[in-house]
Structures are given as structure tokens and as C-alpha cells.
There are 2 protein chains.
Amino acid sequence: MREFMAITKALSDPNRVRMLLALRGRELCVCQITELFGLAPSTVSKHLSVLHNAGLVRSRKNERWVYYRLPGQGAPVMAREALNWVCKSLGGSEEATADQKRLKQILKMDLSEICRRQCQ
Amino acid sequence: MREFMAITKALSDPNRVRMLLALRGRELCVCQITELFGLAPSTVSKHLSVLHNAGLVRSRKNERWVYYRLPGQGAPVMAREALNWVCKSLGGSEEATADQKRLKQILKMDLSEICRRQCQ
DNA sequence: GTCTCATTTCGACATTTGGCGAAACAACAA
DNA sequence: TTGTTGTTTCGCCAAATGTCGAAATGAGAC
């Protein structure tokens with residue numbers, strides 16, 4: 001029950017759901033997600049920690065950046081089924097499609113450049 | 001997205017999830033649910049309206065009582081899949097099992113008697 | 001019509017939550 | 001070591017949420 005509630009609470013915020021959808025098929029670093037959503041870095045970090053706590057994302061650190069990704073087959077059943085449900089339900093939604101489109105632009109940019117813009 | 005968020009928000013409260021689990025295989029009237037959870041009737045009513053709004057329960061009125069039940073095949077895909085996920089994930093959980101046990105006792109009681117006790 | 005009574009709505013309150021900016025942290029660079 | 005810099009943690013605030021009791025609703029019963 002505790003595990004389940006951690007997942008549903010994580011999924012009860014639209015920004016967090018959009019983050020999961022943006023992570024389909026690739027990993028993203030915090031600054032890219034921040035750029036995508038136009039939120040403060042601290043806010044994005046908090047959202048990601050909620051998702052991480054629910055087992056809905058994994059993270060790794062490389063050089064200066066922290067990358068988040070969806071967990072693969074190694075994830076607990078509950079989380080995996082939740083993610084399947086999210087992707088199946090909203091994979092083709094307006095919001096997800098628009099995010100994917102903007103994400104394409106962001107992926108072309110240099111990470112350092114993104115971060116520099118956010119530090120202003 | 002709106003429909004999806006209504007569902008995840010509805011599922012983000014443990015009492016509401018427990019209500020869904022209690023409704024597996026039977027309909028229950030508001031006073032029975034109130035008795036099961038030890039909450040104020042107004043609180044239970046609000047929770048049920050949130051679930052109803054998300055399409056996760058149906059209701060009907062009979063004589064003095066309002067009965068709630070899980071929607072059958074007629075429910076929208078998203079709600080049906082959410083309910084399947086809930087039942088599959090938590091159907092055998094400690095909380096659900098304990099609730100089922102207490103529910104057995106409550107089902108033996110007369111509806112009028114339950115309501116009389118709650119009006120004190 | 002009037003009463004009864006199960007349920008819902010309303011108003012208030014305490015807690016939780018999403019958001020930000022500032023400060024702390026961690027890892028690389030010089 | 002000392003900066004630089006991307007990320008996280010910490011305080012704080014405004015908005016949303018769970019809970020209750022009181023009042024309103026509405027459908028039978030008399």
C-alpha cells in the first residue's frame with residue numbers, strides 16, 4: 001500500500017506526468033527538463049525526487065550533469081505497470097505531443113548553453 | 001489529460017483507494033462505507049464524489065439509501081484500466097484484507113441500525 | 001402537507017503540496 | 001587549493017486538500 005500510494009501521489013501532478021512522458025525512449029538531464037517546463041531548477045529537482053522515490057525514474061551522474069530515465073525491466077512490477085498505463089493513456093495526448101516537439105529543439109542545444117541561460 | 005489527472009488525483013488518497021477495494025464485487029451504501037472507515041458522513045460523501053467525478057464509481061438511489069458500485073464494462077477505458085491496476089496491485093494487501101473482514105460484519109447489520117448509530 | 005432521515009453541500013480549519021529564491025553540496029577545472 | 005557550475009536542500013509563501021460539524025436537500029412515510 002505504501003509503495004502504491006507513493007506512485008499515485010507522484011502521478012497526481014500533471015508536471016510530473018509530463019516529465020515521465022518526456023523521458024520515454026531517452027534519458028534527460030535536469031537542465032533539459034527544466035528548460036522544457038519553464039520551472040525553477042529547484043522545483044524540477046523536487047519533482048524528480050518524488051518520481052525517484054516512487055520508483056518511476058532512475059538517475060545517474062555523468063560529469064557535471066545528472067541524467068534521469070525511465071526504469072527498464074528491473075523496475076518493481078507496480079511501477080512498471082503504472083508507467084505502461086501512463087504511456088498507453090497519454091502517449092498520444094496533446095500535451096505529450098507538444099512536449100515532444102519542443103524537446104526536439106532542446107535536444108539540439110548544448111547542455112552548457114542551457115544551464116548558462118538558466119543561471120541568469 | 002484532464003480525465004487522466006482526475007483519476008490519479010482520485011487515487012492519491014489512501015481512503016479513496018480503500019473504498020474502491022471495498023466495492024469489489026458488491027455495491028455498498030454510504031452509511032456502510034462510513035461505518036467501515038470511521039469517518040464523518042460528509043467526508044465519505046466528498047470522497048465518493050471525487051471518485052464519481054473520475055468515473056471510478058457509479059451510484060444509484062434506492063429508497064432512502066444511495067448505493068455506490070464499481071462501473072462495469074460500460075466504463076471508459078482509462079477508468080477501467082485504473083481499476084484493474086488498483087485491484088491487481090492491492091487486492092491482496094493487508095489493508096484490503098482487513099477491510100474485507102470488517103466489511104463482512106457490517107454487511108450483517110441492518111442499514112437503519114447503522115445510520116442510527118452514526119446520527120448520535 | 002408535514003415529518004423523518006440518509007445524503008450532500010457549505011464554511012471553517014489544519015495539513016499538505018507546488019512553487020520560488022537563497023544557500024549548501026558535489027564534482028570538475030584551473 | 002580555489003573557483004565554477006549543475007543539482008539539491010532549506011525556508012518560506014500561496015493554493016489545494018482532508019476533515020469535521022452545521023445547515024440544506026430530497027425522497028419516503030405518515
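Throughout, protein chains are lettered first and strands after them, A, B, ... in sequence-line order, and every chain is numbered starting at 1.
For dA29(D), neither phosphate oxygen OP1 nor OP2 lies less than 4.0 angstrom from any side-chain nitrogen or oxygen of Arg64(B). A sub-4.0 Å separation between OP1 or OP2 of dG6(D) and a side-chain N or O of Asn62(A) is absent. Applying the 4.0 Å criterion to OP1 and OP2 of dT8(C), one finds that Ser45(B) has a side-chain N or O inside that range. Between dA6(C) and Tyr67(B), no contact under 4.0 Å exists linking OP1 or OP2 to a side-chain N or O. Within the 4.0 Å cut-off from OP1 or OP2 of dG18(D), not a single side-chain nitrogen or oxygen of Thr43(B) is found.
Within a 6.0 Å sphere centred on CZ of Arg60(B), heavy atoms belonging to other residues, nucleotides or ligands number more than 12.
As judged by a 4.0 angstrom heavy-atom cut-off over every strand, Lys46(A) is placed among the base-contacting residues. Among the protein residues, Phe37(A) comes within range of no part of the nucleic acid, since none of its heavy atoms lies under 4.0 Å from any strand.
Put simply, CG on Asp13(B) is 12 Å from C1' on dT16(C), counting in whole angstrom units. Between the P atom of dT8(C) and the CG atom of Leu51(B) lies a distance of 12 Å, rounded to the nearest Å. dT17(D) atom P lies 9 Å from atom CZ of Arg16(B), rounded to whole Å. The interatomic distance linking Trp65(B) (CH2) with dG28(D) (P) rounds to 12 Å, in whole Å. Atom CG of Asn15(B) is separated from atom P of dG18(D) by 9 Å (rounded to the nearest Å). Spacing between atom CD of Glu35(A) and atom C1' of dT7(D) amounts to 16 Å, rounded to whole angstrom units. To the nearest angstrom, C1' of dG19(C) lies 15 Å from CG of Leu48(A). Met19(B) has its CE atom 11 Å from the C1' atom of dG18(D), to the nearest Å.
At a cut-off of 3.5 angstrom, the base of dG21(C) holds at least one donor-acceptor pair with the side chain of Ser42(A).
In this structure, Glu27(A) CD and Ile33(A) CD1 are separated by 10.0 Å, a value rounded to the nearest 0.5 Å. Here CG of Leu36(B) is found 5.0 Å from CG of Asp99(B). Values are rounded to the nearest 0.5 Å.
In this structure a side-chain-to-backbone donor-acceptor pair under 3.5 Å is present from Gln100(B) to Leu21(B). Ser45(A) places no side-chain N or O within 3.5 Å of a backbone atom of Ser42(A) that could act as its donor or acceptor partner.
Taking every heavy atom of residues 24-31 of chain A and every atom of DNA chain D, pairs under 4.0 Å involve Cys29(A), Val30(A), Cys31(A), by number.
Residue Leu39(A) has its side chain nearest to dC20(C) when only dT7(D), dT5(D), dC20(C) are considered. For His47(A), the side-chain atoms get nearest to dG18(C) when compared with the rest of dA6(C), dG18(C), dT7(D).
Side-chain contact between Met1(A) and Met5(A) is present, with at least one heavy-atom pair separated by less than 4.5 Å.
Taking the six-membered ring where tryptophan is involved, the planes of Trp85(A) and Phe4(B) are tilted, since the angle between them lies from 30° to 60°.
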Kindly indicate, with the supporting measurements, whether the criterion side chain to side chain contact (heavy atoms under 4.5 Å, CB included) is fulfilled by Lys101(A) and Lys104(A). CA-CA 5 Å; Lys101(A) 190 173 173 186; Lys104(A) 273 214 179 81; 5.9 Å; no

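For Lys61(A) and Pro41(B), each mapped to the nucleotide of DNA chain C holding its nearest heavy atom, the one lying further toward the 5' end belongs to Pro41(B).
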